[in-house]
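Here the structure comes first, spelled out in structure tokens, and everything after it is commentary.
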Amino acid sequence: MRLSQFPLITSKEIPADAEIPSHQLMLRSGMIRRVAAGIYTWSPLGLRVLQKVAGIVREEMNRAGALEVSMPSVQPAELWQESGRWEQMGPEMLRMQDRHGRDFCYGPTHEEVVTHFMRSELKSYRQLPLNLYQIQTKFRDETRPRFGVMRAREFLMKDAYSFDADAQSLAQSYAQMRAAYQAIFARIGVDYRIVAADSGNIGGSASEEFHVLADTGEDLLAISEGGDFAANVEAAPCTGPLPQRPAPTQQREEVATPGVVSIAQVCERLGCAPEQTLKTMVLEVHGGQGEDADAAASRRLVAVALRGDHTLNLIKASRMLGGDVALAEAETVHAATGAWPGAVGPVGLEIPLWVDRDASVLADFVCGANREDAHLRGVNWGRDVAEPQVADLRDIGAGEPAPDGGRVQLKRGIEVGHIFQLGQKYSAALQLGVPDDSGQTLTPHMGCYGIGVSRIVGAVIEQCHDADGILWPESIAPFALIIVALNPKNDPEVGAAIEALYTELREAGIEVLLDDRDLRPGHRFADADLIGVPHRIVAGARGHGSGTLEYKRRGEAEARDIAWSADAVRECLAG
RNA sequence: CGGGGUGUAGCGCAGCCUGGUAGCGCAACUGCUUUGGGAGCAGUGGGUCGGCGGUUCGAAUCCGUCCACCCCGACCA
């Protein structure tokens, strides 16, 4: 490719609305252009990288025995009503109507469609196991798209769905996909971790996430130092040993605390440590465990209590309470407890209360009094309040013991892959059945496996960049090599030699970009660094005289001279 | 959805408070010079000042309203 015929529009200036390095560099290098919030056009340069990533994903999926299909991005409401998710999904799903007024959505995921497809394709248990995948544009109407392609509304995703005869076979399919994902991320060449995850509203049991480690990641990961345990903080259980609860030593006492609503204020006013306080929060729970509409539509209030210095984990709470959980509005809290948020406490509370493990071993603690402007101190479980129902409700913290005995380290990650064992949730809801070896109907066990292809592009840049621009791993670089041709027009002989070199390398199958633009060298070096081509050759009259080219690896400080020949260049590329 | 902020040339911004000919830098285009780390000089083109409405002799500027985008939070593959 000749740069004089390739639209490379780069910018020195950092776009005002880009916050993180990958977003800034993708805009500065012209890989993407914003069309609307969370919606982007990929330029020829950007698309080359995106397709490199997609190509690696496709090869490894094929190698793992999955079969590529293409399903529609526009999907009819009926399928989503069958699975119950038409109502469940909420505004994240982009809905529309056709000219007849029929409901459709732009597919955020494809469990329903693939199951529909299998209803007509699966005739016998002998076809199992089967794994189908596609690489396709998804749309999820995120509340807050940000960071360019990292959290876009429209994005490219590889989604795969496996079908097995039983749970044991599903576990094997899952393990195969897990291995394929490891191969994919190893080939791309990023530093990643596999962590235990919550399965969210997709449903199902076992689920793990693949995270690219980066400080700008939106997820917090709990990784055991020197151990095997790794989990998204959302799903990391607190299992550390609890101390014996001390015996009460104080009398219960009410203290006036006008205007005090936060733990910090309580501590300041009463001169106590946050570890000695109990914070009580009221949650509104929507939906229930049951399948019936009444349970799904129900709302109930539940209180949870944590030690003052701990953070509530809404995922844990919602898993334990069986429904969608959110902090209740202030008015709701007041109506239910007689206190505004900040003064709620367990004593005399009339709604069900769950207490975090660590809060359950407190003694002589400080808590809200369920009255305005008042707190209690010297409160004790068993004496002033009933013995608590205990649960694990908080985020794990750095330095705490991990379940495997190691010490928890917190790291930030970008979720680029998620694999689930779904079980029979969708196959049962959408009535997918095949005859088994005795002629009975078998409901297949499903797994689903997603990779955020476009997100990987951003995530790799987060890990691979310097002050001058991107440092692509060779696996997904838009070009392997850039030749900066200096002054080819001044000396026809040099110009011809550069042309010959370019042609020979190109015909050898190397993705080479010839910078033949009539710009000053500095400008072109800066562009080469910005777009991150891994190998750079400078060819000009100076070296041509002595039969040398200048070679430089992106990211290395020093350039070196090599012989003016395609073979010498190929040697540099090889290692 | 709550809070904050911003909309002026392709990009980055000034002008607005105190109403009166729409500016600067970069980019683009033309010419000449220049050619090893984002060149110099000269010239050219490009604007519904986010939209609509109001006040006024006159609105980028004041008022109202709507929209878009960004940040923080809540929420979420």
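So you know, we letter chains A, B, ... as the sequences are listed, proteins then strands, and number each from 1.
- Nucleotides B:rG73 and B:rU55, compared at atom P, are 44 Å apart to the nearest Å.
- Distances shown here put every side-chain N or O of A:Arg520 at or beyond 4.0 Å from the OP1 or OP2 atom of B:rU35.
- Salt bridge A:Glu218/A:Arg146: present, at least one basic N to carboxylate O contact under 4.0 Å.
- At least one side-chain heavy atom of A:Tyr181 sits less than 4.5 Å from a side-chain heavy atom of A:Lys158.
- Using Watson-Crick or G-U wobble geometry with both donor-acceptor distances under 3.5 Å, B:rA39 finds its partner in B:rU33.
- Across all strands, A:Val538 comes closer than 4.0 Å to base atoms (heavy-atom distances).
- With B:rC69, B:rG38, B:rU35 as the candidates, the nucleotide lying closest to the side chain of A:Asp17 is B:rC69.
- Of the candidate nucleotides B:rG38, B:rC75, B:rG36, B:rG36 has the atom nearest to the side chain of A:Glu550.
- Side-chain atoms of A:Arg455 and base atoms of B:rA77 include a donor and an acceptor less than 3.5 Å apart.
- Distance CZ (A:Arg542) to P (B:rG36): 7 Å, rounded to an integer number of Å.
- Checking B:rA77, B:rG38, B:rG37 against every side-chain atom of A:His418, the shortest atom distance belongs to B:rA77.
- For B:rU44, the paired nucleotide is B:rA28, the pair qualifying as Watson-Crick or G-U wobble because both relevant distances are below 3.5 Å.
- B:rC76 makes up no base pair with any nucleotide shown, lacking Watson-Crick or G-U wobble contacts both under 3.5 Å.
- Applying the Watson-Crick and G-U wobble criteria (two distances, each under 3.5 Å), B:rG58 pairs with nothing in any strand.
- Relative to the side chain of A:Ala37, the nucleotides B:rC69, B:rA77, B:rC13 differ in distance, and B:rC69 lies closest.
- Counting only heavy atoms from C-beta on, A:Phe147 has its side chain closest to B:rC71 among B:rG37, B:rC71, B:rG38.
- One finds no salt bridge joining A:Arg553 and A:Glu558 here, because no Lys/Arg side-chain nitrogen approaches an Asp/Glu carboxylate oxygen to under 4.0 Å.
- Within the nucleic acid shown, A:Arg33 has no heavy atom closer than 4.0 Å to any nucleic acid atom.
- Evaluation of atom-type donor-acceptor distances gives no pair under 3.5 Å for the side chain of A:Arg146 against the base of B:rG73.
- The side chain of A:Glu13 lies closest to B:rG12, out of B:rG38, B:rC69, B:rG12.
- A straight line from CZ of A:Phe525 to P of B:rA39 spans 12 Å, rounded to a whole angstrom.
- In the interface, the side chain of A:Arg151 is paired with the base of B:rC76 through a donor and an acceptor atom under 3.5 Å apart.
- In this structure the side chain of A:Arg536 never reaches within 4.5 angstrom of the side chain of A:Leu481, judged on heavy atoms.
- A:Arg517 contributes no side-chain N or O that forms a donor-acceptor pair with the base of B:rG38 under 3.5 Å.
- In this model, a donor atom of one side chain and an acceptor atom of the other lie less than 3.5 Å apart for A:His110 and A:Gln75.
- Of all nucleotides listed (B:rG38, B:rG36, B:rC69), B:rG36 comes nearest to the side chain of A:Pro521.
- Within the nucleic acid shown, A:Leu519 comes within 4.0 Å of at least one base atom, counting heavy atoms only.
- Comparing B:rA74 with B:rU56, their C1' atoms sit 45 Å apart, to the nearest whole Å.
- Figure legend. B:rG7 is base-paired to B:rC67; pairs are counted as Watson-Crick or G-U wobble with both atom distances under 3.5 Å.
- Salt bridge annotation for A:Arg85-A:Glu112: present, with a cationic side-chain nitrogen under 4.0 angstrom from a carboxylate oxygen.
- Residue A:Asp141 forms a salt bridge (charged side-chain N to carboxylate O under 4.0 Å, His left out) with just one option from A:Arg95, A:Arg151, A:Arg153, and that option is A:Arg153.
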Contact letters for nucleotides 1-7 of chain B, in which S counts primed atoms plus P, OP1 and OP2 and B counts the base, heavy atoms under 4.0 Å: -------
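- Nucleotides B:rG58 and B:rG53 place their P atoms 15 Å apart, quoted to the nearest Å.
- Of all nucleotides present, none satisfies the Watson-Crick or G-U wobble test against B:rA22 with each distance under 3.5 Å.
- Listed nucleotides: B:rG37, B:rC75, B:rA77. Nearest to the side chain of A:Arg536: B:rG37.
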